[in-house]
Peer 1: 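For reference, the structure I am asking about is given below.
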Amino acid sequence: MNAPFSGPGGPGLPQERRVVTEIPGPASRELLGRRQRSVARGVSHVLPVFITAAGGGVLVDADGNSLIDFGSGIAVVSAGNAAPRVVERVSEQVARFTHTCFMVTPYEEYVEVCEELARRTPGGYEKRSALLNSGAEAVENAVKIARHATGRQAVVAFDHAYHGRTNLTMALTAKNMPYKQGFGPFAGEIYRAPMAYPLRWPGGPEACRAQALEVVTGLIHTQVGEENVAAVIIEPIQGEGGFIVPPPGFLAGLAEFCRAHGIVLIADEIQTGFCRTGDWFACEHEGVVPDLITTAKGIADGLPLAAVTGRAELMDSVHVGGLGGTFGGNPVACAAALGAIETMVAEDLAGRARHIGDVMLPRLNKLAQATPCIGDVRGRGAMIAVELVKPGGIEPDQAAAAVVARACHEAGLVVLTCGTFGNVLRFLPPLVIGDALLEEGLSILEDAFGALLGTAGSTW
Ligand SMILES: *Cc1c(COP(=O)(O)O)cnc(C)c1O
């Protein structure tokens, strides 16, 4: 079938997997040619199918294939693509006015988003927020605010961290290829600490639990000096770095250390936030309260919006005019955020995320028992991953991850990889995905591993 799908998107799309051409099909291949002649090569893609509609748990492509979505556009469309409350609010807003610049003449929608952020983020203290366009921009602003408020310069980030691709955030991001290679020089006064990564901690998970906090705080003391540190920035569950979940107590201990030394703790919840991990924010799981929190991805169902939220005295230490930007907190993006948040509340999407984890983890753990190349199954809520290794040890197996991902793609399941070593398959379904699609997606994944092991019909 070559006719492009032309129906509406949103949850009205048939919630079914339907593979009617090879992946990518002829219409997508033709668009790929145009893309290659017009779009910069540096902007990559995971799989070259061109999407014409999406909703619920599916993406429909230009050839009429309907793919199961385990990616959510990288943890963005948590409330579902083209979610009805988002469509309604955005349509109403875009027809009323599209931009004034909040710094020229303000509007209520921006304020409302900041009120929601104060309500939903952890911490019972008085809060303020600033709205920006992208996650990287939110991280840049959090660092600016922490430096300004403390009068200190050093920022501590972690191994495997991902904080963005702008100059300052490249310096905070750990992985060289593809994010940093050839793009230096990078911003100064960034220090890197080892991450509490149970699978790869020297001595293993138990040693990690016992030692990680002491190693990190010891390095900060001896190599930076607490009194020089403006901020420690950490993803409560690391995203691009491999869905790394630190052992219980690590984040709380880090928060206590920061508090004792007047260091601003920045929780980068750009990937973990907005119900993804089964709480509104991943910090809540252990009752950790950061001083500043950065959000983006899941906040506005795909419209470009990001925020820094934090203690009023830190946020308001910045002089009038010190923060902002032309597009930051655009009214249409704010309307989308309000629709997304309304959906999360009305449909208890945090509860849905926990349910998704409850469906996925037992099946993945069972799969891991039968699959020697699965070295770890981890994550929380609807942020779940498997890490692939050479059987018998923990040597990363990036090639196996690529083979399994490709088999999934060809069968009509969108999965993403991640990790410093590129050997982690990550699953980030929209929180509104139905159970039938979720189970079918897991079956496709199991088949892909079966083929890898040669226990099912191999197609490569
Ligand atoms: C995606 C991401 C960023 C960068 O966000 P952009 O909107 O791509 O700039 C920063 N931090 C984390 C944890 C992320 O997952």
Side-chain angles (χ1 to χ4, degrees), residues 42-46 71-78 121 130-144 146 155-175 178-180 183 186-187 190 192 195 197 231-246 251 265-277 281-283 288 290 292-310 325 327-330 333 336-337 340 379-385 416-420 424 426-428:
V43 184
S44 63
H45 55 244
V46 172
S72 298
I74 319 186
V76 169
V77 288
S78 296
T121 52
L131 303 185
L132 298 314
N133 301 294
S134 69
E137 205 189 343
V139 171
E140 294 249 355
N141 278 274
V143 170
K144 280 166 65 173
V155 178
V156 176
F158 287 83
D159 285 337
H160 312 287
Y162 183 84
H163 298 294
R165 297 172 180 263
T166 57
N167 187 262
L168 174 60
T169 59
M170 274 192 294
L172 293 167
T173 289
K175 187 175 176 175
Y179 306 124
K180 301 165 79 164
F183 296 141
F186 303 112
I190 308 289
R192 196 166 304 286
M195 179 60 187
Y197 186 169
V232 170
I233 181 164
I234 189 162
E235 301 152 80
I237 296 176
Q238 286 184 322
E240 305 302 302
F243 282 26
I244 299 161
V245 188
L251 292 172
L265 178 65
I266 304 172
D268 182 347
E269 292 239 23
I270 288 169
Q271 191 153 162
T272 49
F274 286 99
C275 301
R276 177 53 56 186
T277 66
F281 294 93
C283 278
V288 172
L292 297 178
I293 178 164
T294 54
T295 52
K297 293 194 166 83
I299 193 175
D301 210 35
L303 273 80
L305 189 71
V308 187
T309 301
F327 295 128
N330 167 275
R380 201 153 69 223
M383 183 172 182
I384 304 287
L416 310 176
T417 58
C418 65
T420 298
V424 178
R426 58 168 153 173
F427 314 116
L428 295 159

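One-based numbering along the sequence shown. Remember, it's 1-based here, ligands and their atoms both numbered in the order they're listed. Because only heavy atoms are used, hydrogens play no part in the values below, and waters and symmetry mates are left out as well, while side chains stay in. Note that the coordinates shown come from a computational prediction; the quantities given were computed from them, not determined experimentally.
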Peer 1: Decide, yes or no, whether a salt bridge links Lys144 with Glu137 under the criterion of side-chain N to carboxylate O below 4.0 Å.
Peer 2: no

Peer 1: Is it true that a side-chain atom of Gln271 and a backbone atom of Met383 form a donor plus acceptor pair closer than 3.5 Å?
Peer 2: no

Peer 1: Between ligand 1 and the protein, give all atom pairs where both partners are nitrogen or oxygen and the distance is under 3.5 Å, as lines of names plus distance to 0.1 Å.
Peer 2:
residue  : atom   : partner : partner atom : Å
ligand 1 : 7 (O)  : Gly135  : N            : 2.7
ligand 1 : 9 (O)  : Gly135  : N            : 3.3
ligand 1 : 9 (O)  : Ala136  : N            : 2.8
ligand 1 : 11 (N) : Tyr162  : O            : 3.3
ligand 1 : 11 (N) : Asp268  : OD1          : 3.4
ligand 1 : 11 (N) : Asp268  : OD2          : 2.7
ligand 1 : 15 (O) : Gln271  : NE2          : 2.9
ligand 1 : 15 (O) : Lys297  : NZ           : 2.6

Peer 1: Quick one: CD1 on Ile266 to CD1 on Ile234, what's the gap to the nearest 0.5 Å?
Peer 2: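 With rounding to 0.5 Å, CD1 (Ile266) is 11.5 Å from CD1 (Ile234).
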
Peer 1: How long is the straight-line distance from CD1 of Ile190 back to CE of Met170, given to the nearest 0.5 Å?
Peer 2: 11.5 Å

Peer 1: Whether the side chain of Lys297 engages the backbone of Gly135 through a donor-acceptor N/O pair (distance < 3.5 Å, no angle test) should be reported.
Peer 2: no

Peer 1: Report the distance from atom CZ of Phe186 to atom OG1 of Thr173, rounding to the nearest 0.5 Å.
Peer 2: 9.5 Å

